[in-house]
Amino acid sequence: MAGIKALISLSFGGAIGLMFLMLGCALPIYNQYWPLFVLFFYILSPIPYCIARRLVDDTDAMSNACKELAIFLTTGIVVSAFGLPIVFARANLIQWGACALVLTGNTVIFATILGFFLVFGSNDDFSWQQW
């Protein structure tokens, strides 16, 4: 039952984050859809870590290069997702208010993705690997 509650709360967090992203795009005072390009970063961010978890066995107590590279790539993707709206705002493609809404949405979405891996990442009864 705890897994279902966690999944519902993570779904709610994802919906709130996407709501902030859509508000940054679709409000009549902003009306620019350039910030939707951060959706690519939402999709790409968990991929390196998922691949590294499949390739590396967790019996090793020491940190290995594959996991560290995956965390490095994930960090680069997340930083790029936060940098893209700022670059758009500096280039006057979007307004700064829309940039703030998109950055708020980024924070909520990436916290939701992190929460997903913290809740479902261990190899117990509620593991994402069984899906």
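Val38 is not listed as a side-chain neighbour of Ile109, based on a closest heavy-atom distance of 4.5 Å or more.
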*For Lys67 and Asn64, what are the C-alpha separation, side-chain angles and deciding distance, and is it a side-chain contact (heavy atoms from CB on, under 4.5 Å)?*
CA-CA 6 Å; Lys67 273 187 153 179; Asn64 59 15; 3.3 Å; yes
*Residues Met22, Leu101; criterion side-chain contact (heavy atoms from CB on, under 4.5 Å); working and verdict*: CA-CA 9 Å; Met22 291 301 149; Leu101 285 170; over 6 Å; no
*Applying side-chain contact (heavy atoms from CB on, under 4.5 Å), run through Leu44 and Ile47 and close with a yes or a no.*
CA-CA 6 Å; Leu44 290 177; Ile47 291 175; 4.2 Å; yes
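Taken together through direct or relayed side-chain contacts under 4.5 Å among Ile, Leu, Val, Met, Phe, Trp and Tyr, Val102 and Leu93 form part of one hydrophobic cluster. Cluster annotation: Val79 is not connected to Ile77 through the hydrophobic network of ILVMFWY side chains, with a link wherever side-chain heavy atoms come within less than 4.5 Å. The cluster map of Ile, Leu, Val, Met, Phe, Trp and Tyr, joined by side-chain heavy atoms under 4.5 Å apart, puts Leu73 and Leu55 in different clusters.
Atom SG of Cys99 and atom CG of Leu84 lie 9.5 Å apart (nearest 0.5 Å). From Thr74, atom OG1 reaches atom CZ of Phe72 across 10.5 Å, with rounding to the nearest 0.5 Å. In this structure, Ile16 CD1 and Phe20 CZ are separated by 7.0 Å, a value rounded to the nearest 0.5 Å. Between the CD1 atom of Ile94 and the CH2 atom of Trp96 there is a distance of 8.0 Å, given to the nearest 0.5 Å. Atom CZ of Phe117 sits about 8.0 Å away from atom CZ of Arg53, to the nearest 0.5 Å. Here the CZ-CG distance, from Phe116 to Leu118, works out to 11.0 Å after rounding to the nearest 0.5 Å.
Aromatic pair Phe41/Phe110: centroids not less than 6.0 angstrom apart.
Within the 3.5 Å criterion, the main-chain N or O of Ala98 finds no donor-acceptor partner in the side chain of Gln32. Judged purely by atom type and a 3.5 angstrom limit, Asn106 uses its side chain to pair as donor or acceptor with the backbone of Ala81.
Between Thr112 and Leu10, the shortest heavy-atom contact is CG2-O, 3.2 Å. Of all heavy-atom pairs between Gly13 and Val108, the closest is O-CG1, 3.2 Å.
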